[in-house]
Amino acid sequence: MTSASPPAEPPRSVIEIAGVTKVYTMGTNKVFALRGVDLHVHAGEFIAIMGSSGSGKSTLMNILGCLDVPTDGRYVLDGVRVDGLDRNALADLRNQKLGFVFQGFNLLARTSAVENVELPLLYDRQHRWENPRALAAAALGKVGLGERLDHQPSELSGGQQQRVAIARALVTQPTLLLADEPTGNLDSHMTVEVMALFQELNEQGITILIVTHEPDVAKYAKRVVEVRDGRILRDHPVEDRHNAADDLRALGEDDPVVEVEQAPPAQVAQT
Amino acid sequence: MKQRTLLKLAWQSILKNKMRTLLTMLGIVIGVGAVIVMVAVGHGAQSQIEASISSLGTNLIIVSPGSSAQGGVSQGAGTFNRLSIADAEELKRDGTTLAAVSPVITTRLVVIGPAGNWRTSINGVSPDYFTIRDWTVTSGDIFTDVDVKSARKIAVLGATVAKNLFPGVEAVGAQIQIGHVPFTVSAVLAAKGQSATGADQDDVILMPYTTAQNRLSGNVRLGQILVSSFSPNDIPAAQSEITAIMREAHRLGDNADDFTVRNQTEIAKAATSTTSVMSGLLAAIASVSLVVGGIGIMNIMLVSVTERTREIGIRMAIGARGSDVLTQFLVESVVMSILGGIVGLMVGFGGSLILAHFTGWSTAVPASAVLIAVGFSAGVGVFFGYYPARKAAALNPIEALRYE
Ligand SMILES: Nc1ncnc2c1ncn2[C@@H]1O[C@H](COP(=O)(O)OP(=O)(O)OP(=O)(O)O)[C@@H](O)[C@H]1O
Ligand SMILES: [Mg+2]
């Protein structure tokens, strides 16, 4: 990765979409999930996408994440033209350039934390990674779970599971981290914890896009994009940006990475 | 993904569902086991036939009437009988590579002894017959060329005949009637057991061929001429000499042979071809259960793909290609079926031993069966695992992730 660029250069463009639409056809019905979206994201940005339910946020995220293809429109990801690529090329892009964090964590059940985290490295086609196990352990260390390598998802709290998922998203050193309601299943304390982690990662240069319903979560981002009815309604920087590490301290903790006992029911894949 | 990683992955997933894996494997285990037992029975029967054919005698060559017509269909031997006693005598006199020659005149008659009647086959032979068939007596003496010349009415009893006509009594020296002609028992033969076709070789009476020709009534005919060469290596030379002498004697000129000369190996081949067809048929029936086992694997893999839809979605989201998912599921089903094949091999091996123990059949698992078992079960794994694996690979990542 070439994250150290001279300050004089303009910031690198990570996402460039223009006129992206998504139409779902259900019988004779047509659902217009996206009705022409333009968006530019530069390296180092931290964007919160907001909007009411059904406004098309997840659809947009899925297209940005190369999990889905737009019905129409142009998409350039980190210099690569994405629209028109085949399934395999999209899979390789996901593996090399993207990291995903989901609302439901989506860890493999009955599979230890470190095995979950090393998985994306094993799917790398260029065999770029020398020692996947060690890299996975290091990534877990980075999210404060260095002591929990061999724990299975069922033995971890919701916040911890989400941090395993973040470690898995980070381990391939992606250009872009995408998170669809990453705090949707977490209580307020764990939410702040996860946001502190995102802010820390963003400081280190990773571009982050999250979808959220909560204004409290959006204020940790640098820029907010509001979506309504498949279109971008407003796009503005965050004025009174909060620091999650400070908020955590205010909540009575001085370590931003703390273990929280209670966990809401987690969705974990069956294996 | 590296091969080792793939195997590890398959192994882990197999271990995660031990009971289900066992039940799935059971189909393959039974299928492979059944095939192995059938092959073992067939193979055992075949080697038993080979053994009993070599018990016919050493360096044996059989001359029978009729040509070995094309396609192996011999023209009715009884209706086209051109073998004669003179042929046998000529072979005996002129043959230089022939160690022993004996005509075999056959008929079936009722024999009356002191203890009752017994219907048996009567063979008129020369003294060479005992050499050719490597047959010894338990009591008495076999007849000689002198007895043949004078067509003496003496009979040599097979063990079964002796047992039935003279239960617990010495037979040698006793009088019997064969087709109302009085005979003296000169010897009792050692038991030879069953022939390749399961017939009792000891249910027979041997006498000089001249006696059989002159004294017995009924459908008496020269069935075949038995010849033995000096050593196994001489068999081809002996066969061509026989053919030459016979053609000369029959004045065949440009005509085809009206007789057939076969050696022991050819006879063995003919006899075992039926059993190999039989055992092939049995193995084919048994392999139906292998197919059923394969369908079981397909069923479980389909259930597994549905159950693990979310897992597949996760793997795809983090960069697995369709081909990675396909390989993962295929490796899983192949590992499962090969494991089943190996266990089935052991079950089949044990089963054939148990079968041999309780039925007295001879069974033998040929070395090739091991390869066949493992190969076939791997093939079943690929064949029946492919469809579910394809289904998994074709999943759409978002739909898979959203699957509850
Ligand atoms: N697979 C699909 N088939 C048909 N319609 C779909 C499909 N996925 C989404 N939609 C429709 O597209 C629109 C946008 O959905 P999307 O999931 O993007 O909304 P969202 O903003 O993420 O909502 P939420 O906040 O509830 O997650 C909705 O009207 C939805 O019903
Ligand atoms: Mg959504």
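Every chain is numbered from 1 and lettered A, B, ... according to where its sequence line falls, protein lines coming before strand lines.
With sequence neighbours left out, the side-chain hydrogen bond (donor to acceptor under 3.5 Å, both in side chains) criterion links Asp72(A) to no other residue.
Heavy atoms closer than 4.5 Å to chain A are found in the side chain of Gln328(B), but not in its backbone. For chain B, the nearby parts of Asp68(A) are the backbone and the side chain; heavy atoms of each come within less than 4.5 Å.
Here the closest non-hydrogen pair linking Ala320(B) and Ala91(A) is O-CB, 3.7 Å. The two atoms that bring Pro397(B) and Leu67(A) nearest to each other are CB-CD2, 3.8 Å, heavy atoms only. Contact record, Asn95(A) with Gly319(B): CB-CA, 3.6 Å, taken as the closest heavy-atom pair. Nearest heavy atom pair, residue Met316(B) against residue Arg94(A), reads O-NE, 2.8 Å. Minimum heavy-atom separation, Leu107(A) to Ile314(B): O-CD1, 4.0 Å.
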Using a 3.5 Å cut-off and no angle test, enumerate the donor-acceptor pairs between side-chain atoms of residues 18-41 of chain B and protein atoms at least two apart in sequence or in another chain.
{"from": "Arg20(B)", "atom 1": "NH1", "to": "Glu307(B)", "atom 2": "OE1", "distance (Å)": "3.3"}
{"from": "Arg20(B)", "atom 1": "NH1", "to": "Glu307(B)", "atom 2": "OE2", "distance (Å)": "3.4"}
{"from": "Thr21(B)", "atom 1": "OG1", "to": "Ile14(B)", "atom 2": "O", "distance (Å)": "3.0"}
{"from": "Thr21(B)", "atom 1": "OG1", "to": "Asn17(B)", "atom 2": "O", "distance (Å)": "2.7"}
{"from": "Thr24(B)", "atom 1": "OG1", "to": "Arg20(B)", "atom 2": "O", "distance (Å)": "2.6"}

Could you tabulate the donor-acceptor pairs under 3.5 Å formed by side-chain atoms of residues 339-357 of chain B, not counting sequence neighbours?
{"from": "Ser352(B)", "atom 1": "OG", "to": "Gly348(B)", "atom 2": "O", "distance (Å)": "3.2"}
{"from": "Ser352(B)", "atom 1": "OG", "to": "Phe349(B)", "atom 2": "O", "distance (Å)": "2.9"}

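Summarising the geometry, atom CD1 belonging to Ile318(B) is positioned 9.0 Å from atom CG belonging to Leu121(A); distances are rounded to the nearest 0.5 Å. Atom CD1 in Ile398(B) sits 12.5 Å away from atom CE in Met61(A) (nearest 0.5 Å). Rounded to the nearest 0.5 Å, atoms CG (Leu108(A)) and CD (Glu311(B)) are 5.5 Å apart.
Within 6.0 Å of the CD atom in Gln126(A), the count of heavy atoms belonging to other residues, nucleotides or ligands exceeds 12. Counting non-hydrogen atoms of neighbouring residues, nucleotides and ligands closer than 6.0 angstrom, the OH atom of Tyr387(B) reaches no more than 12 such neighbours. Within 6.0 Å of atom CZ in Phe46(A), more than 12 heavy atoms from other residues, nucleotides or ligands are found, so the atom counts as buried in its surroundings. Arg128(A) CZ: more than 12 foreign heavy atoms inside a 6.0 Å radius.
When the heavy atoms of residues 388-395 of chain B are compared with those of chain A, the residues falling under 4.5 Å are Ala393(B), Ala394(B), Leu395(B), listed by number.
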Stepwise side chain to side chain contact (heavy atoms under 4.5 Å, CB included) check, Lys16(B) with Thr111(A): CA-CA 10 Å; Lys16(B) 274 177 198 166; Thr111(A) 305; 3.5 Å; yes
Pair Arg125(A)-Asp324(B), side chain to side chain contact (heavy atoms under 4.5 Å, CB included): steps then yes or no: CA-CA 10 Å; Arg125(A) 301 216 147 242; Asp324(B) 291 321; 3.1 Å; yes
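Each of Ala317(B), Ser13(B), Gly313(B), Ser304(B) has some count of heavy-atom pairs under 4.5 Å with chain A, and the biggest count is that of Ala317(B).
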